[in-house]
Amino acid sequence: MTQLSIDVDVSTVVVGQVRAAIIGTGFMGQVHARSIRVAGGVPAVVLGSSASKGHDAASDLRIPRVATTIDEAMDGVDVVHICTPNDTHFAYAHLALSRGLHVVCEKPLAITVSEAEILADLAEQHDRVATVPFVYRFHPMVREARARVMRGDVGRISLISGSYLQDWLSDPASDNWRVHGKTGGQSRAFADIGSHLVDVIEFVSGDRISRLSALTRTTYPQRGGRDVETEDLASVLFETRRGAVGTLVVSQVSPGRKNALEIEIAGSRETLRFSQENPESLWIGRAKGSEILQRDPISLDGDARRLSVAPAGHPLGYLDAFAAFVGDTYEAIRGTVPAGLPTFVDGLRAARVVYAVVESQARGTWVDVP
Ligand code: SOE
């Protein structure tokens, strides 16, 4: 019998279902578990910060195996989803890539730029799929906005404004690992949600922030009896490589604002406005004849249409965007990399902007973003 010879390294190709390990059992671990299923993968094993958290998550999320160590969690899987406090991302992602596994690592990718650089290099060296959940890219109307900019409909971009406001830390008694430098890193609000804002703005505009000046504040210097080292809010003025100017406003202490990410991009012909809490529409401003474009797959094309997985009038939201992100990550694992997949290179890019914000506040000067 003739032996079939195939020109593929089978150890790098996942045939059939992608088997996933979930590290971390908080809100994000649960969102990942759900998205893995929607994306056609299998949440095969979970590791919690304690045995009881691991067991509870396994039973709530119907995950068959509970690991007790990080090494055990990485056995017999194709991809590792890292949903743990920021200070653990580097070690876990490093280990997974070194073991030849694909990785999805929560943002911020790492708590220093040099760690993010090492991870981006390692993913490239090992030729693994390594992604960061910048999931707001996966709202169809964000893709539509990007397509309009790329086609030239918007014209030359002059002004970019972005804000991302939350209120879950507006109660001074609220405490969380994100607040403390040791577990969360030197930046909190900007690393946690400013990183999303930077990613969306750069993704839609196709431009890069080249320099910035930041003011940050710790509104509540103590939480739960402990000193707080990280910022509650940030206000940033920036310039882009192509000469647009803009502002970013980020806060986790704005009462009534739940997850209000909004961007507005003004060009010479049109202005585009997108709001994450109202993701089914895109405002297209014109000097004459502004319109609100509602998501409708039959009038969209490209990625905006591909990601429109329900007909008009059947609203898609955060969880759909998240599942689409995991779906595209798994497509890449199976061998075809979809356009717009946020990788460790994008995680590194966001880290560079985050640490430029930290540096600008500390020095009281403008800082160039490499
Ligand atoms: C908390 O601020 C948080 O869950 C972020 O960590 C997520 O990235 C964001 O999507 C929603 O808010």
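All ligand and atom numbering here is 1-based and tracks the order in the structure. Numbers here are sequence positions counted from 1.
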Colleague: I'd like to check the side chain to side chain contact (heavy atoms under 4.5 Å, CB included) partners of Gln186; sequence neighbours left out, ordered by chain and number.
Modeller: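 For Gln186, the residues satisfying side chain to side chain contact (heavy atoms under 4.5 Å, CB included) (neighbours in sequence not counted) are Tyr355, Val358.
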Colleague: Residues in side chain to side chain contact (heavy atoms under 4.5 Å, CB included) with Asp153, at least two apart?
Modeller: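 For Asp153, the residues satisfying side chain to side chain contact (heavy atoms under 4.5 Å, CB included) (neighbours in sequence not counted) are Arg148, Arg151, Glu270.
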Colleague: Taking atom CZ as the centre, does Arg257 end up with more than 12 heavy-atom neighbours from other residues, nucleotides or ligands that are less than 6.0 angstrom away?
Modeller: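 No, the 6.0 Å shell around CZ holds no more than 12 heavy atoms from other groups.
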Colleague: Which pairs with one or both residues in residues 310-325 pass side chain to side chain donor-acceptor pair (under 3.5 Å), sequence neighbours excluded?
Modeller: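 Residue pairs with at least one partner in residues 310-325: there are none.
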Colleague: Looking at Asp303 and Arg143, does any basic side-chain N land under 4.0 Å from a carboxylate oxygen?
Modeller: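 A salt bridge links Asp303 with Arg143.
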Colleague: Verify whether one side chain among Gln166 and Asn259 offers a donor that lies under 3.5 Å from an acceptor in the other.
Modeller: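 Yes, a side-chain donor-acceptor pair sits under 3.5 Å.
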Colleague: Hey, which residues fall under 4.0 Å of ligand 1 on heavy atoms?
Modeller: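 Within 4.0 Å of ligand 1, the protein residues are Phe27, Lys107, Tyr136, Tyr164, Gln166, Trp168, Arg178, Asp192, Ile193, His196, Gln252, Asn259, Tyr318.
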